[in-house]
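Working notes for the structure below.
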Amino acid sequence: MTHSNPENGPILSMVSSLRMRPRILVVDDEPLILEGISRLLAARDYEVVLANGGCEALIAIGKQQFDVVLLDLGMPDLNGTEVLRFVAERGVETPVIVVSGDSTIDAAIRALRGGASDFVRKPYEPEELLRRIDNTLTRRRLEKENNHILQRLQQSEKWHRFLVNSSPDFIYTLDSEGRFTFVNDRIESLLGYRKEDLVGQHYSVLIHEEDIPRAEHVFNERRSGDRNTRNIEIRLKCNPGMRRPRLMNGRCKIVELTATGMYDDEASPFDRRFIGSYGVAKDVSERKQAEETVHYQAYHDLLTGLPNRALFRDHLGLMLAQSKRNKQPLAVLSLDLDHFKVINDSLGHTIGDELLLAVGTRLRQCLREGDTLARLGGDEFAVLLPTLLSRSDVEHICRKIIQVLSKPVYIKGHEMYASVSIGACMAPEDGDMVDSLIRQAEIAMYQAKTQGRSRLQFWEPGMQAPYSERMQLEADLRRALARNEFVLFYQPQVDIKSGEIKGFEALLRWWHPQRGLLTPADFVTIAEESGVIVPLGDWVLRQAGAQMAEWRKAGLPPVRLSVNISARQLESPDFVDNVMRAVQVYALDGKLMELEITESLLMRDLEANALKLGRLSATGIRLAIDDFGTGYSSFKYLSRFPIHTLKIDQSFIKEIDREENMSIVNAMVGMGRGMNLNVVAEGVETQAQLKRLQQINCHEMQGYYYSPPISSHEATLMLAHHLRGFSHNNGLATA
Ligand code: C2E
Ligand code: MG
Ligand code: MG
């Protein structure tokens, strides 16, 4: 039998031991004796090899393995003692039975010292010789089997040691006193200790101080089997003196420990002797860290690092329980930045985010250690004041907050003011439920906003939530189109010099069944946010088209009609088609239709808007820049659009008597004229304002001074009257 693995010595020797017939070498210089023994052995199932003298014996031993050698001592060529020495020196394991005529005890001792395993005197008793051979063979077989088992044990021990040491887990055994008797290699990479340094030490050297009581319970585990301790989390300390602590990633490792008691099996089953314990510790630091990150993200606002709504609710719940026990009131504040949306929309999210961060920092400075500051979302913050005595304490803190936040914030060269409106409610006075307290504070905050912002408002029973009002309005708005509740009002735009009506601006009104006539300020934002503005804007376009067709049919002079366009409408992919359809359906002259768009809206998506408005302009439709002067656009960009009209925002006209406003309006009119644009002043309310505009050669005006927005019927009458009056009179006398 061959085996390709050279390391399998034990396997080969096992093969030889399993050889069916034992092979025996008989060495003697007397042929008669050789023959005699061989005859004796022939009766047994042995394979017998004969060697006539010492030299032949050495050759035979060199060639083959034998299970027993029967060796004569006195031989002329090479005596038995020398053969024995040869066998011993070569490490041949075959047992040698010396069969010698030298019957002295001395000869026997010498032979046995020389390595013989037995000594038989010649002349031998055949039975005796056979018995000795059998004994030797049996002994040899047992020895071989033992060796084999031992080798297997050693091999298996090696494997287990290897497995234990290359385990990713820390594995140890403790003696009954709690001292390490074994630690695997993992300890070095896990905690930075050398194995030798730990063995003999008490386990507590590894345990984080705070975990020692818990660790005692685990490390003193005496139970075994299924009742042992499993997966207890414990912090193990890294070796403070290790060379490369950074590799260890922190001073502690969190492990999950499973420990089992060990007992002396030899002892009586009724009185098992506890000899220590062993355990496996799995490093779960990374998993813990990941869990902590997830937990952190679930409970914190990632921008400011402040607790989020979920954590705020948790804290509030805890503090409510405590305040109940201590009979001490607590307060919940809801804070919302005033006009944050304007900053975010006009200066961008990055600056908006920085402002929120700055606000967070300032708010924190106004609070004490135990107070909770959270960001609930957007520009809404919440504060929990757990130890307050009275409302005046709340007032005091809020005054401080409002004052601190009223100071300007400088971000990337912008000076900003971040005032807040604050709503407050108290527990247990106003309730003792987490969500309703937060909600009440929010309701009070909205109240504070409607009362002029940058102020504190306490919640009061019966305060209406603006949310539900808003939601109601949104629901109403969705039905309003189908129910025909919208109407257009028209406000004339008049030539400043001649007083001639050049056009009308269509202004949307909503006849709300319960609330009466609403202006865009009441509903346009909701219409924008809910998307209702898109079909609504389309309705406005068609309604305006219908009105113009009606005036034409009535034989009235052709006047321009301006329609306001909202963001969602302009962004809608159907925008261009919708406008063109409104013009085509009523076969209108495109030049009479003007679209009013604010400059900030135009700038939102420069490329797309320039494309859309270019297409409309090609059909003659006009474009007016609404609320001019309030946006951030530059003329460089505006020149990309086919603009016909500049509408100077009413805020400039309102204070036109202030010198700086006068010069701004003057510049705007000059610029418009220079670009060949029609310049319209909005919100003209007084004669003085009109005079000023006349001085600086503004083209047209629109405002209460001439006429407020009027119904379709009134506008038709005005146009008809104007037509007649204008032909006699000249100018504004008709107003
Ligand atoms: P706007 O386009 O700047 O319209 C002028 C606003 O100024 C109108 O308010 C008008 O009633 C008001 N106004 C006119 N003359 C005077 C005056 O002498 N003094 C003062 N203080 N105000 C004057 P209104 O009708 O409430 O509309 C407000 C805004 O709502 C409009 O501002 C426009 O941006 C928007 N809007 C109006 N109709 C529509 C519409 O059909 N669609 C869209 N998307 N927006 C519309
Ligand atoms: Mg307008
Ligand atoms: Mg305007």
Side-chain angles (χ1 to χ4, degrees), residues 477 480-481 485-494 496 503-512 516-547 560-572 575 578-579 582 593-602 604 622-631 643-656 678-690 692-693 698 700-712 714-715 735:
L477 198 58
L481 251 184
E485 291 171 357
F486 291 107
V487 285
L488 287 185
F489 271 41
Y490 301 90
Q491 189 177 32
Q493 296 170 332
V494 181
I496 282 186
F504 283 92
E505 177 175 7
L507 293 161
L508 188 58
R509 298 291 180 265
W510 176 12
W511 279 110
H512 190 281
L517 189 65
L518 302 182
T519 63
D522 301 317
F523 62 86
V524 159
T525 315
I526 302 176
E528 271 272 341
E529 285 168 7
S530 60
V532 175
I533 197 75
V534 178
L536 182 54
D538 194 32
W539 177 85
V540 171
L541 281 167
R542 280 181 283 116
Q543 187 63 27
Q547 182 64 71
R560 201 176 60 220
L561 192 59
S562 307
V563 174
N564 292 285
I565 302 298
S566 81
R568 286 281 280 269
Q569 215 181 337
L570 181 59
E571 284 158 10
S572 143
F575 172 67
N578 287 348
V579 177
M593 173 74 99
E594 189 163 72
L595 305 178
E596 293 197 3
I597 302 180
T598 61
E599 35 183 340
S600 39
L601 183 48
L602 277 182
R604 268 213 214 169
R622 294 174 178 243
L623 171 62
I625 304 295
D626 204 353
D627 304 346
F628 184 69
T630 58
I643 303 167
H644 291 87
T645 303
L646 273 193
K647 296 189 73 183
I648 299 174
D649 190 66
Q650 40 181 284
S651 58
F652 297 100
I653 309 302
K654 191 174 271 170
E655 297 182 346
I656 199 170
N678 179 34
V679 184
V680 181
E682 287 188 278
V684 180
E685 294 182 351
T686 65
Q687 191 165 20
Q689 291 166 346
L690 173 62
R692 290 252 170 174
L693 291 164
C698 183
E700 292 176 23
M701 63 131 171
Q702 176 185 346
Y704 296 165
Y705 179 65
Y706 188 85
S707 166
I710 48 180
S711 69
S712 153
E714 288 172 303

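Sequence positions, counted from 1, serve as the residue numbers for this chain. Remember, it's 1-based here, ligands and their atoms both numbered in the order they're listed.
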For the Mg ion (ligand 2), the closest N/O/S atom belonging to Glu596: OE1
Atom pair CD1/CZ of Ile710 and Phe504 - distance to nearest 0.5 Å: 5.5 Å
Ligand 1 contact by Pro709, heavy-atom criterion under 4.0 angstrom: yes
Metal proximity, Glu682 vs the Mg ion (ligand 2), N/O/S cut-off 2.8 Å: no
Minimum heavy-atom distance Arg568-Ser530, with the two atoms named: NH2-C, 4.5 Å
Nearest option to atom 12 (C) of ligand 1, as decided by whichever heavy atom of Gln650, Glu528, Met701, Glu685 sits closest: Gln650
Leu595 side, atom CG; Phe575 side, atom CZ - distance, nearest 0.5 Å: 5.0 Å
Which segment of Leu508 sits under 4.0 Å of ligand 1 when only heavy atoms are counted: both
Rounded distance (nearest 0.5 Å) linking atom CD1 of Ile653 with atom CD of Glu685: 10.5 Å
Heteroatom N/O/S of Asp627 within less than 2.8 Å of the Mg ion (ligand 2): no
Part of Leu507 with heavy atoms under 4.0 Å of ligand 1, whether side chain, backbone, both or neither: both
Under 3.5 Å side-chain donor-acceptor pair for Gln491 and Gln702: yes
Pairwise distance CG(Asp626) to CD1(Ile565) - rounded to 0.5 angstrom: 10.5 Å
Per-atom contacts, ligand 1 versus Val540 - under 4.0 Å to a heavy atom: 41 (O)
Smallest separation among heavy atoms of Phe489 and Pro709, with atom names: CD2-O, 3.5 Å
Residue Glu596 vicinity, atoms of ligand 1 by number, heavy atom under 4.0 Å: 2 (O)
Nearest heavy-atom neighbours spanning Ala506 and Leu561: N-CD1, 4.3 Å
Smallest separation among heavy atoms of Ile656 and Arg692, with atom names: O-NH1, 3.8 Å
Option of least heavy-atom distance to atom 16 (C) of ligand 1 (set: Tyr704, Phe489, Trp539, Tyr706): Tyr704
Reported CG-to-CG distance for the pair Leu508 and Leu488, which is rounded to 0.5 angstrom: 6.0 Å
Leu518, Val684, Asn564: member with heavy atom nearest to atom 33 (C) of ligand 1: Asn564
Between NZ on residue Lys647 and CD on residue Glu682, distance to nearest 0.5 Å: 4.0 Å
Atom name in Glu505, limited to N/O/S, at shortest distance from the Mg ion (ligand 2): OE2
Proximal ligand 1 atoms for Gln491, defined as those under 4.0 Å from one of its heavy atoms: 14 (C), 15 (N)
Metal site the Mg ion (ligand 2): N/O/S of Ser562 inside 2.8 Å: no
Option set Ser566, Ser562, Gly703, criterion heavy-atom distance to atom 44 (N) of ligand 1, minimum: Ser566
Any side-chain donor near an acceptor of the partner, Asn564 and Glu505, under 3.5 Å: yes
Ligand-residue contact atoms, ligand 1 with Asp626, heavy atoms, under 4.0 Å: 1 (P), 2 (O), 3 (O)
Ligand 1 contacted by Arg509 (non-hydrogen, < 4.0 Å): yes
Ligand 1 contact by Gln702, heavy-atom criterion under 4.0 angstrom: no
Per-residue contact class, Glu505 against ligand 1 - non-hydrogen pairs under 4.0 Å: side chain
Atom name of the N, O or S atom in Asp626 that lies nearest to the Mg ion (ligand 2): OD2
